[in-house]
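Have a look at the structure below, then the notes.
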Amino acid sequence: MAKPILYSYWRSSCSWRVRIALSLKNIDYEYRPIDLFSEESKVSIFQFTLRIPRFCQNDPEFVKHNPAKKVPTLVINGLSLTESLAIIEYLDEAFPDPPFLPKELDQRAYSRAIALHIVSSIQPLQAISIHKMLNEKEKRYGDFWCNHFVNRGFKALEELLIKYSGKYCVGNQLTIADINLPSIIYNAKIYNVDMTQYPTIVRIGETLNEHPKFKPAHPDLQPDAPKTTKADM
Amino acid sequence: MSKPILYSSWSSSCSSRVRIALALKKIDYEYHAVNLRTDEEQKDFALNNPAKKVPILKINGLTLTESMSIIEYLDEVYPNPPLLPKDPEARAHARAIAFHISSNIQPLQNLAICRKLEEIQKGYGIQWCHDVICRGFDALEQLLKLYSGRFCVGDRITIADLVLPSIVYNATEKYNVDMGPYPIISRIAAELGGIPEFEAAHPSRQPDAPKN
């Protein structure tokens, strides 16, 4: 298999999920950062020892793989795949170990339901672009909006986890639900959500943060994450 | 096995996806119109789904939530007709299109969102929902250009086709979206509209739909 390519943005929640999935499946890949806020492709110095290209959304190579110009886009096995959950299900089918879904049909359904609750009911309402748009419309409204919808989603998520969780979101096996959790917790803190209301979410989040396969996927560790380097000083 | 029960609301896009799936799988079910007028009804609803959303499907002793998860469960337990292609690539594209609609477009243009944004400025909510759909449809048309045949992915109905009709309904009936730039979306929606199982799941055909 040629080395897969992941088009990603360091802070993109959807990209983070796929990074976790690739890490869990022990799949080595080439990281191509897409700058979500730039007009032209440019080469930038991220670290003084490392020079990697940074692509913009209109880059022809990227657009060829995803005309919708969104991250994450995974180029793997000759395919160009989009939508994080679809990518994760593909990876689970193509590379069965370790599995992302339990064998039991009900547990599978609950794992997917929790993942989808995060992906459809929380994530889209507090995405970076939405936050920005609403703050531009009315000062601080984006902050209020994102805090409100993360709280709304977390109230439900906490109850779902009380019902179904063990060590992880659904029982004691790590599933597709867990892959979706870290990024929304990270964003919740950005939007000043009081996490003391959600002890089960916090507990599982902390368990996942310590998982050796989750750590490398963290936004702050990505090549395009802003950092203060010698080159910047 | 006792008859499955579907908690649904006539106008809910997420409920319509599951109604279509049940019809395609020829699963007879009891329609429980969600009506949250009393405290007891609200309590019962929240017990069945902490997220307090339709649809909820009670089937085989299980209480299932999230339309896309329900559809995947139905497809695993009742494999005929299949809602996902056998080919891994086509499966990925079918899910990608379904999730693009269900995660990127649908959640940002539902009634609750529209109402909330109308509080900032009258007309802003409607404009927002219109624009969300247009942005989403711009990307969707590109995806369909790559992968569609008679239906969203190739020539057989997949999970993507279950998600399409309701967002097109909202676009045309609620938010006045000009469908001129989206010929493939329009063609497939029209094709699906003529299929009996899709017709039966239409909002206007549900027991709790307003009579007018």
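Of the atoms belonging to B/Leu146, it is side-chain heavy atoms, and not backbone ones, that fall under 4.5 Å from chain A. With a 4.5 Å cut-off on non-hydrogen atoms, B/Val77 touches chain A through its side chain but not through its backbone.
Between B/Arg187 and B/Gly149, the shortest heavy-atom contact is NH2-O, 2.9 Å.
By number of non-hydrogen pairs under 4.5 angstrom with chain A, the leading residue of B/Leu64, B/Ile120, B/Ile70 is B/Ile120. Ranking A/Gly153, A/Pro124, A/Ala94 against chain B, the residue ahead of the rest is A/Pro124, based on heavy-atom pairs under 4.5 Å. The greatest number of non-hydrogen atom pairs below 4.5 Å with chain B, out of A/Leu157, A/Leu134, A/Ile87, is found for A/Leu134.
Every residue two or more places apart in sequence or in another chain that forms a side chain to side chain contact (heavy atoms under 4.5 Å, CB included) with B/Ala33 is listed here: B/Tyr31, B/Asp208. Taking the salt bridge (charged side-chain N to carboxylate O under 4.0 Å, His left out) definition, one finds that B/Arg150 meets it with B/Glu191, sequence neighbours left out.
Put simply, the side chain of B/Val177 does not reach to within 4.5 Å of the side chain of B/Thr172, judged on heavy atoms. At least one side-chain heavy atom of A/Leu174 sits less than 4.5 Å from a side-chain heavy atom of A/Leu208.
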Output all donor-acceptor pairs under 3.5 Å across chain B and chain A; consider backbone as well as side chains.
| from | atom 1 | to | atom 2 | distance (Å) |
| --- | --- | --- | --- | --- |
| B/Lys53 | NZ | A/Ser121 | OG | 2.4 |
| B/Ser69 | OG | A/Ala109 | O | 2.8 |
| B/Glu76 | OE1 | A/Arg108 | NE | 3.1 |
| B/Glu76 | OE2 | A/Arg108 | NE | 3.2 |
| B/Glu76 | OE2 | A/Arg108 | NH2 | 2.9 |
| B/Glu76 | OE2 | A/Arg112 | NH1 | 3.1 |
| B/Arg91 | NE | A/Glu93 | OE1 | 3.0 |
| B/Arg91 | NE | A/Glu93 | OE2 | 3.3 |
| B/Arg91 | NH2 | A/Glu93 | OE2 | 2.9 |
| B/Arg95 | NH1 | A/Glu93 | OE2 | 3.1 |
| B/Arg95 | NH2 | A/Glu93 | OE2 | 3.4 |
| B/His100 | ND1 | A/Lys70 | NZ | 3.2 |
| B/Ser103 | OG | A/Ser120 | OG | 3.1 |
| B/Asn104 | ND2 | A/Glu83 | OE2 | 2.8 |
| B/Gln121 | OE1 | A/Lys137 | NZ | 2.4 |

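The salt bridge (Lys or Arg N to Asp or Glu O under 4.0 Å) analysis of residues 114-123 of chain A, with sequence neighbours excluded, yields no pairs.
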